[in-house]
There are 2 protein chains.
Amino acid sequence: MDQALRDRWLAHARRRMSGAGLRTGAARARVVAFMAEEGQCLVGAQEIVDGLRERGGGGAQASVYRVLDELHGLGLVRRSVDDQGAARYEIHDDDHHHHHFVDDATGAVTAFEDAALEDALAEAAERLGVELSGHEIVLRGRKVPRGAPAGD
Amino acid sequence: MDQALRDRWLAHARRRMSGAGLRTGAARARVVAFMAEEGQCLVGAQEIVDGLRERGGGGAQASVYRVLDELHGLGLVRRSVDDQGAARYEIHDDDHHHHHFVDDATGAVTAFEDAALEDALAEAAERLGVELSGHEIVLRGRKVPRGAPAGD
DNA sequence: TTAGATGCAAAGCTTTTGCAGGATA
DNA sequence: TATCCTGCAAAAGCTTTGCATCTAA
């Protein structure tokens, strides 16, 4: 967990939420705190509900979903959907745009950043004649042990 | 609709399915025919069910979902999930790997191919130390009218 | 004090499953 | 004819909604 990112996002989120006139209710505060720590890369909505329950105090399922939807509306989190159609969220930070790699063997999701890929994307968008407001990339495959050639 | 693609995929699908020992039942045949024509770019599972109903004869919802799952298992279709978590399918063709652009204004999805982007992806994968089995790219934004500068 | 937030329970959607009847090879 | 396929209906899983209660400002 990146603590600097956590604190930066937390401050940003609080500012933005109070700016939007939202009050500091119990459920809202718990979800925000949880996302700051556990939501730096995609977490399932259900995992968030369960995670909060484990932390004690909980927060009703409906409230968690409502807060997540709110955060998404404010641009504080990014939302995606897993292969089974379940919602997943991660905090959104302008300085930390990342993409995802899914390990075929384990299904584990890891984040990565790649400036050259971003550039290629921008160029492709230009060729396409579109002005980008966002983009998502998901790579699937297996990790190659260091030093080993890519081929089997 | 690309008729050459339709026929090529149809032939490929039939070969592959009979090779897998699958029989030519009514529901299966209808779904395959539908996908060959209407599934060249992402279509929702529900749209497929409705589309078949409109074509007459229908095919039970359960059967459609079962066939789509089968096709996916055989590698004949690609599966993704929309923002609401509903499944979408499109036929898979080795010669026609494409990505998707979603128009912010209309939500319309269009397909595009970009060789340079594929190369950049392959290079990024190498930097990451992974061997790719697949990848997905989704661009979001708005189309820029020809001749107009990208900036507003 | 009052608009807003929360929790519970019920409803909604998409997708999956169980099973009896029907079709294919 | 035996196996596989299909359709119906019911179940399952995730998410949203309605409503009464509680709370932050």
Side-chain angles (χ1 to χ4, degrees), chain A residues 13-35 42-53 55-74 76-89 107, chain B residues 13-35 42-74 76-89:
Chain A
R14 292 205 173 113
R15 221 176 307 129
R16 190 135 176 58
M17 295 181 83
S18 74
L22 298 178
R23 295 183 184 175
T24 308
R28 195 169 280 154
R30 278 192 220 110
V31 172
V32 170
F34 187 91
M35 288 307 286
L42 297 171
V43 272
Q46 220 58 228
E47 288 178 71
I48 298 173
V49 172
D50 295 344
L52 286 170
R53 195 149 293 160
R55 285 186 169 198
Q61 172 144 299
S63 300
V64 175
Y65 276 95
R66 267 189 293 238
V67 172
L68 289 170
D69 197 45
E70 244 169 31
L71 296 178
H72 184 237
L74 291 171
L76 290 168
V77 298
R78 296 209 305 151
R79 183 186 199 276
S80 64
V81 175
D82 71 14
D83 287 343
Q84 270 81 219
R88 293 192 300 185
Y89 294 89
Chain B
R14 292 204 173 113
R15 220 176 309 129
R16 189 134 177 59
M17 296 181 82
S18 75
L22 299 178
R23 296 180 183 175
T24 307
R28 195 170 279 156
R30 279 192 221 110
V31 172
V32 171
F34 186 90
M35 288 306 287
L42 296 172
V43 272
Q46 219 58 228
E47 288 177 72
I48 298 172
V49 171
D50 295 345
L52 286 170
R53 193 149 294 160
E54 281 170 26
R55 285 185 169 197
Q61 173 143 299
S63 299
V64 175
Y65 276 96
R66 267 188 293 239
V67 172
L68 288 170
D69 197 46
E70 244 169 32
L71 296 178
H72 184 236
L74 292 171
L76 290 168
V77 298
R78 295 210 304 151
R79 182 185 199 276
S80 64
V81 174
D82 72 13
D83 286 344
Q84 269 81 217
R88 295 192 298 185
Y89 295 89

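All chains are named by letter (A, B, ...) in the order of the sequence lines, taking the proteins before the strands, and each is independently numbered beginning at 1.
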A:L22 CG to D:dA25 P, in whole Å, measures 11 Å
The contact string for nucleotides 13-23 of chain C, one letter per nucleotide 5' to 3', using protein heavy atoms under 4.0 Å with B, S and - for base, sugar-phosphate only and none, comes out as -SBBBB----B
From the candidates C:dA5, D:dG7, C:dG7, the one with an atom nearest any side-chain atom of A:A27 is C:dG7
Contacts under 3.5 angstrom, residues 47-65 of chain B side chains, donor-acceptor by atom type, not counting sequence neighbours:
unit_1	atom_1	unit_2	atom_2	d
B:E47	OE2	B:G44	N	3.0
B:R55	NH2	B:E37	OE1	3.0
B:Y65	OH	B:Q46	NE2	2.9

B:L68 CG to D:dC5 P, in whole Å, measures 15 Å
Correct closest heavy-atom pair for A:V77 and A:M35 would be CG1-CE, 4.3 Å
When rounded to whole Å, the CZ to P distance for the pair B:R14 and C:dT24 reads 15 Å
CD (B:E70) and CZ (B:R28) are apart, to the nearest 0.5 Å, by 4.0 Å
Of all heavy-atom pairs linking A:R79 and B:D83, the shortest is NH1-O, 2.7 Å
All heavy atoms of A:L76 vs all of A:R16, minimum pair found to be CD2-CD, 4.1 Å
- request: Give B:G21 one of three labels, base, sugar-phosphate or nothing, depending on what nucleic acid heavy atoms sit under 4.0 Å from its own.
  value: nothing
When rounded to whole Å, the CE to P distance for the pair A:M17 and D:dA25 reads 12 Å
Residues B:V81 and A:G85: closest non-hydrogen pair is CG1-CA, 3.9 Å
